[in-house]
Protein chains: 4
Amino acid sequence: LKGRVVVLHAFQMLCPGCVSHGTPQAERLHRMFDAKDVAVIGLHTVFEHHAAMTPVALEAFIHEYRLTFPIAVDRPGDPGPIPVTMQAYQMQGTPTAVIIGRDGRIAYQGFGAEDDMALGARIAAALATRPSP
Amino acid sequence: LKGRVVVLHAFQMLCPGCVSHGTPQAERLHRMFDAKDVAVIGLHTVFEHHAAMTPVALEAFIHEYRLTFPIAVDRPGDPGPIPVTMQAYQMQGTPTAVIIGRDGRIAYQGFGAEDDMALGARIAAALATRPSP
Amino acid sequence: LKGRVVVLHAFQMLCPGCVSHGTPQAERLHRMFDAKDVAVIGLHTVFEHHAAMTPVALEAFIHEYRLTFPIAVDRPGDPGPIPVTMQAYQMQGTPTAVIIGRDGRIAYQGFGAEDDMALGARIAAALATRPSP
Amino acid sequence: LKGRVVVLHAFQMLCPGCVSHGTPQAERLHRMFDAKDVAVIGLHTVFEHHAAMTPVALEAFIHEYRLTFPIAVDRPGDPGPIPVTMQAYQMQGTPTAVIIGRDGRIAYQGFGAEDDMALGARIAAALATRPSP
């Protein structure tokens, strides 16, 4: 992912705000931007209803919602319910969008619904920022 | 349910057309009509991804989507994947809406997205039809 | 119109709530119900910006928005700005929906956005009510 | 406007695609971006129904739709119906969006509905391009 802008979409398959807005938005981002410039990555950060949101269920979800961007499963927390990456980024819930710049640093992190126009602008701003040599 | 109009909403928790349209519509029907006149009943008719759409997962789904109308689980088919009631009504998929008149007969059955205005009209027409004595 | 249910849609062509919701809804009603049962009638009730909402402008509006239900122009008020029918019905603004039953009496009158499902139900209820002989 | 990115929104007050999508989008752009960076300018390019879309009617429209970005009226064509700026830019109809870069050159011109996310990205790309000294 070196030199690319990364958009991380943290979600849960049973989170209404993700299913109705955030996850389809991530799919559109994936289709709109060139993968050489922007990498959209999903992260299934299950922090509740663990028995329901299993890897098998996630696979069915990805299939039914025709998601084509790569999706990873966050490592379960030990001992708490919050998974590891979600803790590391101190996310407040799902959906969370994280934009990581070409220099590998977090350019933006937001919890909740993101406006299409604003998100497009933020990603383009990150694309325009080149790391100093 | 005798003498009442029944609206049956057959759905699957991982069916995008149900989650984005049919199921919230059933919830609004349940809140808009008087329960003495119209009974809205959900039916979880799982015919695919059985390992994902378990009763535990359905319970989490109901909780997350704040559904307040009663929801039954259709009996698994034996031996096929199509559950029993879904077979009995010869449903083509999910979501399916069934309107049952005051006389206990099917007044309407439709597969796919239902227009709000048309559905409201169909239910009111069923309400206006009293069984002959 | 005798014996039919009449839906009166009072609007102004420069009223945002009419253009985005009420007027297209009236057009859908007109197309969904049988004209033998339900007559949808528009009424241009201009009570502000009279110099802008002229008959010529209304004609252009009807053409651009492809409206096919009949639309009348409310008679200007004398001396005030409120037109005659709007005054007679004591409408509070636009859009206003009026449902007139088969017996010629007002069954419902509402100001503002009408929910599709609720409006469909109200019209069907009016259809189901036959005047006593 | 020197050094700023300019977004030109050409519209007609009786064009449904403008009223339902393009014009409110221009208003959101105007509110979302800093005026020091991006100037949103409306242009009323009347090429039909001239008797309906008069300056008086436009003023009522601007008032009713609470538009806060500056709006100019395109000079009537002579002799044809197409106004002067619309001709100069060879616009195909309304709405048309034109993005003018910091260097004063047209960076993008599009006819019809613009996707929020794509438009946000295009404007940010124009912002990121500085004229060579």
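Just so it is clear: chains get the letters A, B, ... in the order the sequence lines come, proteins before strands, and each one is counted from 1.
- With contacts defined as side-chain heavy-atom distances shorter than 4.5 Å, the pair Val38(A)/Leu29(A) does not qualify.
- Note on Cys15(B), Pro16(B), Ala51(B), Ala60(B): by heavy-atom pairs under 4.5 Å with chain A, the leading option is Pro16(B).
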Between chain A and chain B, donor-acceptor distances below 3.5 angstrom:
{"from": "His49(A)", "atom 1": "NE2", "to": "Glu64(B)", "atom 2": "OE2", "distance (Å)": "2.9"}
{"from": "Glu64(A)", "atom 1": "OE2", "to": "His49(B)", "atom 2": "NE2", "distance (Å)": "2.8"}

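- In this structure, the side chains of Ile99(B) and Ile123(B) come closer than 4.5 Å at one or more pairs of heavy atoms.
- Within the model, atoms CD1 of Ile100(B) and CD1 of Ile41(B) stand 7.5 Å from one another, a figure rounded to the nearest 0.5 Å.
- Side chains of Leu43(B) and Met86(B) form no contact here, defined as non-hydrogen atoms less than 4.5 Å apart.
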Exercise for review: For Phe61(B) and Val19(B), run side chain to side chain contact (heavy atoms under 4.5 Å, CB included): C-alpha distance rounded to whole Å, both residues' side-chain angles, the deciding distance at 0.1 Å, then the answer.
Suggested key: CA-CA 10 Å; Phe61(B) 176 81; Val19(B) 172; 3.9 Å; yes

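- Ile62(A) is linked by a side chain to side chain contact (heavy atoms under 4.5 Å, CB included) to Leu58(A), Leu67(A), Ile71(A), counting only residues two or more places apart in sequence or in another chain.
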